[in-house]
Amino acid sequence: MPELPEVETVRKTLTKLILDKTIENITVYWPKIIKNPLEVEQFIDALKGERIVDIGRRGKFLIIYTKKYALVSHLRMEGKYGLYQKSEPFDKHTHVIFHFTDDTELRYRDVRKFGTMHLYVKGEEFAREPLVHLGPEPFSADFTVDYLQTKLSKTNRKVKPALLDQKLLVGLGNIYVDETLFRAGIHPERLASSLTKKEIFLLHREIVATLSEAVEKGGSTIRSYVNSQGEIGMFQLELLVYGRKDEECKRCGRTLIKTTVGGRGTHYCPHCQKLKL
DNA sequence: AGAGGTTCTCGGGCGC
DNA sequence: TGCGCCCGAGAACCTC
């Protein structure tokens, strides 16, 4: 599900729902989701009595702040947060419940159980896994054309796997990387180090543009994504290549192709994105 | 039946 | 031989 635009949308909607609520207790049904502290009891005890004071985001990670702690949460493929009345029944994919002092509770649901949670004392979170080695935010001043140029020139990988690496840049996932490469006219299997200065400039511009347009539209709903208020995104209507195998390229009219690159399903236009050598 | 929006771990290959 | 880095493959889990 969630790449940067979806996580940013979850951050905004979840803030409206749980800001200022106080955690009375927590129930953990699938302890493997909690990666730090190792003991689930410690996780629960730490957060008891804590009030939600802010919700942030770093790349695809959500950071729920209480007065003392930072809860770093990754939704991976299918993780979802939702606010429910305590009286509502919960399904078998609900793995963590944060019981608030009012009659509501925050439920974490995750069909594939890939999601993770790390709890740290506030201020330590950026110096620890999983945030410590992340690359720059695409909307930050650190993410410049020169930075992208330097990084791509130093790797032997193909451009698509390079851009999916969150150490190079945070936020891109399989959907937005395919969209970005199409918009920049770059074949996903080009060697990253072979890109020209002009191509890097276009790539940088389209990374920022694609992600910011997607944030404005509330993300993309492909299979199951909904924000914390249960609403779908709208950017899937703007997708130019992702999920459009065998359909017409909106730029040149030829047939779009789907292959595998770096083990990931990859959509592109063989005419607009040439694999020059 | 196999792929699926993610990322961690592991092992092979290579250079020093 | 050893170490460290880089990279790709496989694994984590469930649904359709």
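Chain letters run A, B, ... following the sequence lines, proteins first and then strands; every chain starts at 1. Heavy-atom basis, side chains included; hydrogens, waters and symmetry copies ignored.
- For A:Leu164 and C:dC6, the CG to P distance is 18 Å, given to the nearest whole Å.
- Taking only distance into account, the side chain of A:Arg157 never meets the base of C:dG8 through a donor-acceptor pair shorter than 3.5 Å.
- The listed nucleotides are C:dC13, B:dG4, B:dC8; the one nearest the side chain of A:Lys32 is C:dC13.
- A distance of about 15 Å separates the P atoms of C:dC13 and B:dC10, rounded to the whole Å.
- Residue A:Lys35 contributes atom NZ, which lies 9 Å from atom P of B:dT9 at whole-angstrom precision.
- In this structure, a donor-acceptor pair under 3.5 Å is present between the side chains of A:Thr266 and A:Lys160.
- If you measure from atom NZ of A:Lys160 to atom P of B:dT6, you get 9 Å, rounded to the nearest angstrom.
- Annotation: cation-pi pair A:Arg107/A:Tyr84 present, NZ/CZ under 6.0 Å from the ring centroid and within 45° of its normal.
- Atom-to-atom, CD of A:Gln236 to C1' of B:dG4 comes out at 17 Å; the value is rounded to the nearest Å.
- Closest to the A:Trp30 side chain, of the nucleotides C:dT15, B:dA3, C:dC13, is C:dC13.
- Using cut-offs of 30° and 60° for the angle between ring planes, the A:His118 and A:Tyr120 rings count as parallel.
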Atom pairs and distances, donor-acceptor, side-chain atoms in residues 23-32 of chain A, under 3.5 Å, two or more places apart:
residue : atom : partner : partner atom : Å
A:Thr27 : OG1  : A:His99 : NE2          : 2.5

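- Taking side-chain N and O atoms only, A:Thr155 has a distance below 4.0 Å to OP1 or OP2 of C:dC7.
- Side-chain nitrogen and oxygen atoms of A:His74 include at least one within less than 4.0 Å of the OP1 or OP2 phosphate oxygen of B:dT7.
- Seen from the ring of A:Phe182, A:Arg251 counts as a face-on cation partner, given the 6.0 Å and 45° thresholds.
- For B:dT9, the paired base is C:dA9 (Watson-Crick or G-U wobble, both distances below 3.5 Å).
- Of the candidates C:dA12, B:dT6, C:dT15, the closest approach to any side-chain atom of A:Glu3 belongs to B:dT6.
- A residue-by-residue look at A:Glu129 and A:Arg112 shows that A:Arg112 has its nearest nucleotide of DNA chain B further toward the 5' end.
- Under the 30°/60° scheme for interplanar angles, the aromatic rings of A:Phe61 and A:His74 are found to stand perpendicular.
- Put simply, A:Arg264 has a side-chain N or O that comes within less than 4.0 Å of OP1 or OP2 on B:dT6.
- For the pair A:Arg76 CZ and B:dT9 C1', the interatomic distance rounds to 11 Å; values are reported in whole Å.
- Distance NZ (A:Lys245) to P (B:dA3): 11 Å, rounded to an integer number of Å.
- The side chain of A:Gln166 places an N or O atom within less than 4.0 Å of a non-bridging phosphate oxygen (OP1 or OP2) of B:dT7.
- A close approach under 4.0 Å does occur between a side-chain nitrogen or oxygen of A:Lys60 and OP1 or OP2 of B:dT7.
- Taking atom NZ on A:Lys158 and atom C1' on C:dG8, their separation rounds to 10 Å, with Å as the unit.
- Comparing B:dA3, C:dC14, B:dT6 by their closest approach to the side chain of A:Lys113 singles out C:dC14.
- Taking side-chain N and O atoms only, A:His93 has no distance below 4.0 Å to OP1 or OP2 of C:dC13.
- Across all strands shown, A:Gly173 has heavy atoms under 4.0 Å from sugar-phosphate atoms exclusively, and none from any base.
- In this structure, A:Leu191 atom CG and C:dC7 atom P are separated by 10 Å, rounded to whole Å.
- Across all strands shown, A:Asn156 has heavy atoms under 4.0 Å from sugar-phosphate atoms exclusively, and none from any base.
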